[in-house]
J.: 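Next up is a structure, given as structure tokens.
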Amino acid sequence: MAMYNDKVMDHFTNPHNVGEFDNPDGEGTYGSPVCGDMMKISILVDANDVITDAKFKTFGCGSAIASSSVATDMIIGKTVEEALEVTNKMVLDELGGLPPIKIHCSVLADHAIKSAIYDYAQKHGKTYAGLEGFDPNAPEDEDEHAIPEELN
Amino acid sequence: MEKRQVYLDYGATTPVKKEVLDAMIPYFTEHFGNPSSLYTQGQEAKHAIDIAREQVAALIGAEPREIFFTGTGSEADNWAIIETALANQKKGKHIITSTIEHHAILHTGDYLETLGFEVTYIGVDSDGFIKLDELEAAIRPDTTIISIMYANNEIGTIEPIEKIAAIAKKHGIAFHTDAVQALGNLHIDVKKLGVDLLSMSAHKIYGPKGVGALYIRKGYQLPTHIHGGGQENRKRAGTENLAGIVGFGKAAELARENLVEHIEQERHLRDYFIEQVLQQIDDVQVNGSLESRLPGNVNITFKYIEGEALLLFLDMKGIAISTGSACSSASLTPSHVLTAIGVPVEQIHGSIRVSIGDFTTKEDLDYTIEALKESVAKLRNISSVSSSSGW
Ligand SMILES: Cc1ncc(COP(=O)(O)O)c(C=O)c1O
């Protein structure tokens, strides 16, 4: 019995899009090492507002890494507007589900994407409906957090 | 490297040794009698329990009648603390324990707080040693019991129990120690230690799960904890876990016979492992005392990565270890033990416990070190924090 499904394990062991760009068009971070997970997403955007490439760096557990991998896959090739529509639920579905205590990790991904796009929008003087009310510095959700494992 | 199965979580539980299992089997089938029955089968069963009681007593230098079998180590902890607290309410409702206890003690303290008791938690230094001056200062006229663990399950620190027991005695306060991790891993002599109560568990010493024992010093008045039949000298009712108790006895006997060798071998392997990890992997920190430590315990932090991810990589390579905290958050405290010794929270997330046991070989450790090197490098490559970027 494994804790994660095959798809999650696949993305965790062979994550796609790991890394950073020398000159990203947008870059966003969400979470913190103190909280146990921190995800950084960088994007390259072309003149047509299409995300041509995305990379991530994540400090975190298996599901945080798998969510990052899937989330970056999902936004590559999408327009910025489309990428902003990627929700936590879509990341979760793409992963084929996560154990309940890990759902928090997929929330991280949709937040990190928005942060990267926010950065892009700021730098390029753009506004997007999907960013309305988004605060990249909002504190992490306290809701769906994992329960620490106890040592015997 | 060829994949192997490497179990390095002996601190969580141990496999039942063949000799132990062999000793147990007949008590499920042939000698299944109820130890309370008066005919031969019953008396044979009773005799088997008597032998087991002697074997467990011998491991800690107790008299057999001072050993009371329980369902688990947790039960022994609950019994010792709760019944002592309830029995001494006239004297007071104050209890002292430490910040690094197992949850079997900490949550028992929480429970007693709901009943109006007050609990003081003594802190530890960066090696995990109880602050004795803090302990002395916490003692009050209404303190009825002090409970300090013998050896810590996460970082392996062995507490100066003899000194702590002497402090309790000087103030006329009952003293309990949770020796679940210490049992079979160091020489224990309850008479020399001067403890009133000591908790044990079979599954940490190559015995079966679901059997424990409480040592109750002769003359110490601890009320009955399970009411019912006359088992365990009327203190813990219920038909005995016969085969389990026989297994605990056998495991205790083996532990006593092999003690010196066992300690020597584990310590040797542990020191080798620590040395190799420190040599071969950067940004690593060993948590807990290096001197007064359980022979098989290693607790290490791999900076800039998260422990559960590391656990998964190792699991895929057939290696079983444990972490101090899962993918958690600021709202929930990760490992109370590592927090207590002052490990920064972000580093606690990258901490693992490797616990070595009787079936561990040097080859297992070499394989694990290779796997660690590879997995740590892989995770650091993915990580958004690094030694150059900092936390
Ligand atoms: C220090 C300590 N105390 C108590 C326990 C509980 O023992 P048991 O599993 O037998 O309830 C454990 C292990 O689980 C332990 O490590």
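Below, chain A is the first sequence line, B the second, and so on; all start at residue 1. Both backbone and side-chain heavy atoms feed into the values below; hydrogens, waters and symmetry mates do not. The structure displayed is predicted, hence computed values, not measured ones.
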J.: Between B:Glu308 (side chain) and A:Gly62 (backbone), is there a donor-acceptor pair under 3.5 Å?
T.: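 It does hold such a pair.
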J.: Quick one: does B:His349's side chain have a donor or acceptor within less than 3.5 Å of a partner on A:Gly60's backbone?
T.: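 A pair under 3.5 Å: no.
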J.: Does the side chain to side chain contact (heavy atoms under 4.5 Å, CB included) test come out yes or no for A:Ile65 and B:Leu379, once each step is laid out?
T.: CA-CA 9 Å; A:Ile65 292 171; B:Leu379 287 168; 3.6 Å; yes
J.: Dump the intermediate steps for side chain to side chain contact (heavy atoms under 4.5 Å, CB included) on B:Trp391 and A:Val34, then the final yes or no.
T.: CA-CA 9 Å; B:Trp391 291 101; A:Val34 171; over 6 Å; no
J.: B:Phe313 versus chain A, heavy atoms under 4.5 Å apart: side chain, backbone, both or neither?
T.: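 Answer is both: backbone and side chain atoms of B:Phe313 are under 4.5 Å from chain A.
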J.: Check whether B:Ile382 gets within reach of chain A through its side chain, its backbone, both or neither, counting any heavy atom under 4.5 Å.
T.: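 Answer is both: backbone and side chain atoms of B:Ile382 are under 4.5 Å from chain A.
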J.: More than 12 heavy atoms of other residues, nucleotides or ligands under 6.0 Å from NZ of A:Lys123: is that the case?
T.: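 Yes, NZ of A:Lys123 has more than 12 neighbouring heavy atoms, counting only those of other groups under 6.0 Å.
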J.: Counting heavy-atom pairs under 4.5 Å to chain A, which of B:Asp315, B:Ile305, B:Leu310 comes out on top?
T.: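 That would be B:Ile305.
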J.: To check you understand the geometry: which heavy-atom pair defines the closest contact between B:Lys378 and A:Asn14, and what is its length?
T.: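 Of all heavy-atom pairs spanning B:Lys378 and A:Asn14, the closest is NZ-OD1, 4.5 Å.
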J.: Going through the distances and angles, do B:Glu306 and A:Asp37 end up as a side chain to side chain contact (heavy atoms under 4.5 Å, CB included)?
T.: CA-CA 8 Å; B:Glu306 199 275 335; A:Asp37 32 37; over 6 Å; no
J.: In terms of heavy-atom contacts, does CZ of A:Phe134 have more than 12 from other residues, nucleotides or ligands at under 6.0 Å?
T.: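 Enclosed: over 12 neighbouring heavy atoms sit under 6.0 Å from CZ of A:Phe134.
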J.: Tell me, side chain or backbone of B:Asn381 under 4.5 Å from chain A's heavy atoms, or both, or neither?
T.: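 Backbone plus side chain of B:Asn381, per the 4.5 Å heavy-atom cut-off to chain A.
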J.: Flag the one option from B:Ala309, B:Ser384, B:Ser375, B:Gly73 with the top tally of heavy-atom pairs under 4.5 Å to chain A.
T.: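 Of the options given, most contacts go to B:Ser384.
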